[in-house]
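Below: one structure, written as structure tokens.
Start at 1 and go down the list; that is how both ligands and their atoms are numbered. We count residues from 1, following the sequence as given. Since the model is a prediction, treat every value here as computed from it, not as a measurement.
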Amino acid sequence: MRLADAFVVDRDWISDGDFVVTCTCGQEQRLDAMTLDEGSDLTVYDCTRCENSLVGIMTDGAATDLWLSISAMTRSQGSQGHRVNGYLVGSKVDIALQPSGTGLDDAELLLGTPNFFFALRDL
Ligand SMILES: [Zn+2]
């Protein structure tokens with residue numbers, strides 16, 4: 001599973017290399033360069049420099065199971081991610097959708113949802 005899987009329904013040209021994040025450590029990177037931690041229901045992208053987990057994607061079904069069990073324990077509030085075409089996407093920082101060859105001015109932003117990782121921490 002890749003972040004691009006959630007967006008390829010609307011944009012058939014897309015790949016992980018079209019997403020850019022800037023880590024809290026200042027490292028700007030495209031997703032296809034990041035370190036992947038892949039599970040069956042969840043993929044996490046780690047910063048190439050500080051190994052901070054920045055971006056995650058999971059299936060909607062797995063997310064629902066997770067949030068149900070988490071919210072019962074913590075009653076956490078706030079946005080835990082973006083639901084996109086059957087996936088849940090979460091990120092500590094904003095994700096810019098910036099196809100190579102275009103400028104940052106043309107980028108679409110997916111706002112950061114840090115609560116995604118607060119929940120995962122309890123797994
Ligand atoms: Zn970093």
Side-chain angles (χ1 to χ4, degrees):
M1 189 163 46
R2 296 287 186 273
L3 189 70
D5 293 348
F7 296 88
V8 76
V9 176
D10 305 318
R11 304 170 177 86
D12 59 7
W13 46 266
I14 212 165
S15 74
D16 274 1
D18 295 314
F19 296 95
V20 180
V21 293
T22 302
C23 181
T24 48
C25 76
Q27 180 74 30
E28 184 182 284
Q29 53 211 303
R30 287 190 180 268
L31 259 57
D32 60 349
M34 297 178 76
T35 307
L36 280 181
D37 185 0
E38 274 191 280
S40 52
D41 294 322
L42 169 72
T43 298
V44 174
Y45 293 78
D46 295 337
C47 175
T48 53
R49 184 157 79 185
C50 70
E51 298 182 352
N52 198 354
S53 296
L54 287 183
V55 178
I57 176 167
M58 64 202 305
T59 57
D60 232 353
T64 301
D65 292 347
L66 174 64
W67 304 147
L68 283 179
S69 59
I70 297 290
S71 63
M73 286 187 294
T74 66
R75 299 183 180 280
S76 59
Q77 301 290 318
S79 175
Q80 288 155 331
H82 303 281
R83 289 187 187 274
V84 185
N85 296 324
Y87 297 92
L88 186 80
V89 174
S91 177
K92 276 188 188 139
V93 295
D94 296 347
I95 305 172
L97 173 52
Q98 187 200 359
S100 37
T102 67
L104 258 187
D105 288 349
D106 301 321
E108 276 179 59
L109 269 193
L110 209 59
L111 295 179
T113 54
N115 285 342
F116 183 86
F117 286 96
F118 288 131
L120 290 183
R121 193 182 50 190
D122 293 332
L123 281 181

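- Two residues are said to be in side-chain contact when any heavy atoms from C-beta on lie closer than 4.5 Å; Tyr87 and Met1 meet this criterion.
- With Leu110 as the fixed residue, the side chain to side chain contact (heavy atoms under 4.5 Å, CB included) test singles out one of Asp94, Val93, Val89: Val89.
- Protein N, O or S atom count below 2.8 Å of the Zn ion (ligand 1): the structure gives 4.
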side-chain contact (heavy atoms from CB on, under 4.5 Å) evaluation trace for Thr113 with Lys92
CA-CA 6 Å; Thr113 54; Lys92 276 188 188 139; over 6 Å; no
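- Between Glu28 and Arg49, no side-chain nitrogen of the basic residue sits less than 4.0 Å from a carboxylate oxygen of the acidic one, so the salt-bridge criterion is not met.
- Residues passing the side-chain hydrogen bond (donor to acceptor under 3.5 Å, both in side chains) test with Tyr45, sequence neighbours excluded: Asp16.
- Both Leu42 and Phe117 are members of a single hydrophobic cluster when ILVMFWY side chains are connected at heavy-atom separations under 4.5 Å.
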